[in-house]
> 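If you scroll down you'll find the structure; I have some questions about it.
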Amino acid sequence: MLSDSKLGFGLMRLPKNENGTIQIDKVQTMVDAFMKAGFNYFDTAYAYAGSEEAIRKTLVEKYPRDSFTLADKVPAWKLKNKEDVERIFNESLSLCGVDYFDFYLLHSVEATHLPTYEKYGCFDFLKDMKRQGKIKYIGFSYHDDAELLDQILNNHPEFDFVQLQLNYLDWNKQVVQSKKNYEIAKKHHKPIVVMEPIKGGTLASFPDDIEKTYKNYAPNKSMASWALRYIGSLDGVMTILSGMSTVEQMNDNLQTMTDFQTINEEEKQLIEKVTQKVLSFPTIPCTKCRYCTPGCPMNIQIPDLFTAYNSAKTYGSDRRYKTYYKMHSQGDHNIASQCIECGQCESVCPQHLPIMSYLKEVAKEFD
């Protein structure tokens, strides 16, 4: 394995103030707890606004460089020419305050982004940076089908690892293809970094009847722990990234992964039961990555409006969800029905969601 840190700190959903700035003091508390527990894999990206600078302040400037491993990514949607590849790489080094990355990835490789990475020589650039010692291991995060993944790994055996969206809810979904992509990575003997193991928090909170399914079996285990243990029990998984936003989430994840217990057959049956129940809800499978919001010309806070909608569909209509919707669609932020259907959001969504259609459903519910 390229890393011995089974749990990775995903830096995409860091705690933020109301104005959108990252709460450095809380991040510091989380970084310190993570390192103290013996884990040391940190995952950021050029596209995660403020994340690189935050990890410089809370990790790089406070801990010896050889005590942690840092992963970063170059995004296809930020590349306008070949020179941008090196510029972004150097900017990321500077923002993070390091002179090399332990892991560096092509961000969100899929059919729509692959031509950009090929056009601007990204594959050769990563190999060159690795030869120069500025990258230790090269890889890519992936959001597409198993056939294309197999093709990419056949054409580019030089990749050291792959980062895949794996969780029990997406395991057999045709769109995400968690299981099929996992099997392709195993076929090519590539260590796997897992993203979205808790599916943006979807697998951390359920209606009471579903929670009872788990609680009756293991009263002291959190909902999120089932998701982490499911993925952590798979062979070939190097690191599981959890996008922790609070100290409480950090502590819960640390407890699960420090005293890790492999999923047994009876627990697998419980998980399958929960999966079928959750999939019966008419919800929007958004992971709240927020790639869609920066470029929205109407400044619609899409993931937040989807959260309100999903809550109403899962838990039943309640004033709380209408209040949450209103809170995220006032002032500079527009309501769902103000969508002008420009398609910008769908072009960057790693889940390939029909966001414009979903916004119409949200509008019917709340507007």
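Sequential numbering from 1 along the given sequence is applied to the chain's residues.
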> If you apply the rule salt bridge (Lys or Arg N to Asp or Glu O under 4.0 Å), what do you find for K212 with D209, and how did you get there?
CA-CA 5 Å; K212 286 179 181 178; D209 61 327; over 6 Å; no

> Provide the full list of salt bridge (charged side-chain N to carboxylate O under 4.0 Å, His left out) pairs with a residue in residues 236-260, sequence neighbours left out, each pair given once.
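Residue pairs passing salt bridge (charged side-chain N to carboxylate O under 4.0 Å, His left out), neighbours aside: none found.
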
> Closest heavy-atom contact between V237 and I231?
CG2-O, 3.8 Å

> Quick check: closest heavy atoms across A227 and Y168, and the distance to 0.1 Å?
CA-CE2, 3.8 Å

> Tell me which pairs pass salt bridge (charged side-chain N to carboxylate O under 4.0 Å, His left out) where either residue lies in residues 109-122, with sequence neighbours left out.
none

> Side-chain contact test, heavy atoms from C-beta onward, threshold under 4.5 Å: evaluate it for L114 versus L148 and give yes or no.
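Side chain of L114 against side chain of L148, heavy atoms only: contact under 4.5 Å found.
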
> Please check this pair: side chain of Q28 against backbone of T58, looking for a donor-acceptor N/O pair closer than 3.5 Å.
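Here the side-chain-to-backbone pair exists.
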
> Sort out for me which residue in D170, L149, V193 forms a side-chain contact (heavy atoms from CB on, under 4.5 Å) with L164.
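Running side-chain contact (heavy atoms from CB on, under 4.5 Å) over D170, L149, V193 with L164 returns exactly one hit, L149.
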
> Hey, are Q23 and N17 close enough side-chain-wise for a donor-acceptor pair under 3.5 Å?
yes

> Using a strict threshold of under 4.0 Å (side-chain N to carboxylate O), is an ion pair present between E183 and K186?
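The answer is no: the pair does not qualify as a salt bridge.
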
> Would you check if the side chain of H352 reaches a backbone N or O of H143 as a donor-acceptor pair within less than 3.5 Å?
yes

> Measure up the F366 and Y325 rings against each other and bin them: parallel (under 30°), tilted (30 to 60°), perpendicular (over 60°).
parallel

> Which residue pairs pass the salt bridge (charged side-chain N to carboxylate O under 4.0 Å, His left out) test when at least one of the two sits in residues 130-141, sequence neighbours left out?
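Sorted pair list: D102-K136, D128-R131, K130-D160.
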
> Might you work through the side-chain contact (heavy atoms from CB on, under 4.5 Å) test for V109 and V162, ending with a clear yes or no?
CA-CA 10 Å; V109 170; V162 293; over 6 Å; no

> Is any NZ, NE, NH1 or NH2 atom of the basic residue among R56 and E52 found under 4.0 Å from an Asp or Glu carboxylate oxygen of the other?
no

> With heavy-atom distances below 4.5 Å as the criterion, would you say the side chains of F281 and K313 are in contact?
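Sidechains of K313 and F281: no contact.
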
> Testing the basics here: between L7 and T239, what is the closest heavy-atom pair and its distance to 0.1 Å?
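Scanning both residues, the minimum pair turns out to be C-CG2, 3.9 Å.
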
> Between D150 and H188, do the side chains contain an N or O donor and an N or O acceptor separated by less than 3.5 Å?
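Indeed, the side chains of D150 and H188 share at least one donor-acceptor pair under 3.5 Å.
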
> Apply salt bridge (Lys or Arg N to Asp or Glu O under 4.0 Å) to residues K268 and E265 and explain how you reach the verdict.
CA-CA 5 Å; K268 286 181 182 179; E265 287 303 317; 3.3 Å; yes

> Assess whether side-chain contact (heavy atoms from CB on, under 4.5 Å) is satisfied between Y104 and F89, documenting all intermediate values.
CA-CA 9 Å; Y104 197 74; F89 179 76; 3.4 Å; yes

> Taking it one step at a time, do C349 and I355 satisfy side-chain contact (heavy atoms from CB on, under 4.5 Å)?
CA-CA 9 Å; C349 177; I355 295 175; 4.0 Å; yes

> Please evaluate residues F103 and Y137 with respect to the criterion ring pair (Phe, Tyr, Trp, His ring centres under 6.0 Å), reporting the C-alpha separation (whole Å), side-chain torsions for both, the decisive distance (0.1 Å), and the verdict.
CA-CA 5 Å; F103 301 88; Y137 303 107; 5.4 Å; yes

> Could you list the donor-acceptor pairs under 3.5 angstrom formed by side chains in residues 331-341, with sequence neighbours left out?
{"residue": "N334", "atom": "ND2", "partner": "M298", "partner atom": "O", "Å": "2.8"}
{"residue": "S337", "atom": "OG", "partner": "D367", "partner atom": "OD2", "Å": "2.9"}

> Is there a side-chain contact between T116 and K78 in this structure, where contact means two heavy atoms from C-beta onward sitting under 4.5 Å apart?
no

> Does M356 sit in a hydrophobic cluster with other residues, and if so which ones, taking ILVMFWY side chains as linked at heavy-atom separations under 4.5 Å, directly or through other members?
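Answer for M356: none, a lone residue.
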
> Return the set of residues passing side chain to side chain contact (heavy atoms under 4.5 Å, CB included) with V98 (not counting sequence neighbours), or none when no residue passes.
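V60, R65, L70, L93, C96, F101.
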
> Can you give me every donor-acceptor pair (side chain of residues 41-50, partner residue at least two apart or in another chain, under 3.5 Å) with its distance?
{"residue": "D43", "atom": "OD1", "partner": "K73", "partner atom": "NZ", "Å": "3.0"}
{"residue": "D43", "atom": "OD2", "partner": "K73", "partner atom": "NZ", "Å": "2.8"}
{"residue": "T44", "atom": "OG1", "partner": "S51", "partner atom": "OG", "Å": "2.7"}
{"residue": "Y46", "atom": "OH", "partner": "E91", "partner atom": "OE1", "Å": "2.9"}
{"residue": "Y48", "atom": "OH", "partner": "K73", "partner atom": "NZ", "Å": "3.4"}

> Between R229 and E267 (salt bridge meaning N to carboxylate O under 4.0 Å), is one present in this structure?
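Looking at E267 together with R229, the answer is yes, because their closest N to O distance falls below 4.0 Å.
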
> To the closest 0.5 Å, what do you measure between CE (M195) and OG (S141)?
5.0 Å

> Quick one: ring pair (Phe, Tyr, Trp, His ring centres under 6.0 Å) partners of Y309, sequence neighbours excluded?
none

> For C122 versus L79, what's the shortest heavy-atom pair and its separation?
SG-CD1, 3.8 Å

> Would Q165 and K173 count as having a side-chain donor-acceptor pair, cut-off 3.5 Å?
no

> Against H107, only a single residue in Y142, F140, W77 fulfils ring-ring contact (aromatic ring centres under 6.0 Å, His included); can you say which?
W77

> Taking L166's backbone N and O only, do any of them form a donor-acceptor pair with K179's side chain (distance below 3.5 Å, no angle check)?
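Side chain of K179 to backbone of L166, a donor-acceptor pair under 3.5 Å: no, none is there.
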
> Less than 4.5 Å apart, side chain to side chain, heavy atoms only: is that true for L203 and Y230?
no

> Would you find a donor on one side and an acceptor on the other, under 3.5 Å apart, between the side chain of N172 and the backbone of Q177?
no

> By the salt bridge (charged side-chain N to carboxylate O under 4.0 Å, His left out) test, which pairs, at least two apart or in different chains, include something from residues 278-299?
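Passing the test, one end in residues 278-299: R290-D304.
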
> Which residues pass the ring pair (Phe, Tyr, Trp, His ring centres under 6.0 Å) test with Y117, not counting sequence neighbours?
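Listed in chain order: nothing, the list is empty.
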
> Of all the heavy-atom pairs spanning P285 and Y358, show the shortest one and how long it is.
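Heavy atoms only, the tightest pair is CD-OH, 3.8 Å.
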
> Can you hop from M12 to I22 via hydrophobic side chains spaced under 4.5 Å?
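No, it is not one cluster - the side chains of M12 and I22 are not joined through contacts under 4.5 Å.
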
> Write down the atom of C292, the atom of V348, and the distance for their closest heavy-atom approach.
CA-CG2, 3.9 Å

> I'd like to check the salt bridge (Lys or Arg N to Asp or Glu O under 4.0 Å) partners of K16; sequence neighbours left out, ordered by chain and number.
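So K16 forms no salt bridge (Lys or Arg N to Asp or Glu O under 4.0 Å) with any residue.
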
> Looking at side-chain heavy atoms only, is the closest gap between K180 and D145 below 4.5 Å?
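No. Closest side-chain heavy atoms not under 4.5 Å.
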
> Are F9 and M30 side-chain neighbours, meaning at least one heavy-atom pair lies under 4.5 Å?
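A side-chain contact exists here, since the closest heavy-atom pair is under 4.5 Å.
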
> Just so I know, are the side chains of I210 and P207 near enough to count as touching, which here means a heavy-atom distance under 4.5 Å?
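They are in side-chain contact.
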
> Residues two or more places apart in sequence or in another chain: which of them pass salt bridge (Lys or Arg N to Asp or Glu O under 4.0 Å) with E272?
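E272 satisfies salt bridge (Lys or Arg N to Asp or Glu O under 4.0 Å) with no residue once adjacent residues are dropped.
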
> Given the rule that I, L, V, M, F, W and Y join up when any side-chain heavy atoms are under 4.5 Å apart, are L59 and Y100 in one cluster?
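No; Y100 is not reachable from L59 via cluster members.
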
> Answer yes or no: is there a donor N or O on one side and an acceptor on the other, between the side chain of S67 and the main chain of Y63, under 3.5 Å?
no

> Would you say P197 and V194 make side-chain contact, with heavy atoms under 4.5 Å?
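Answer yes - side chains close enough.
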
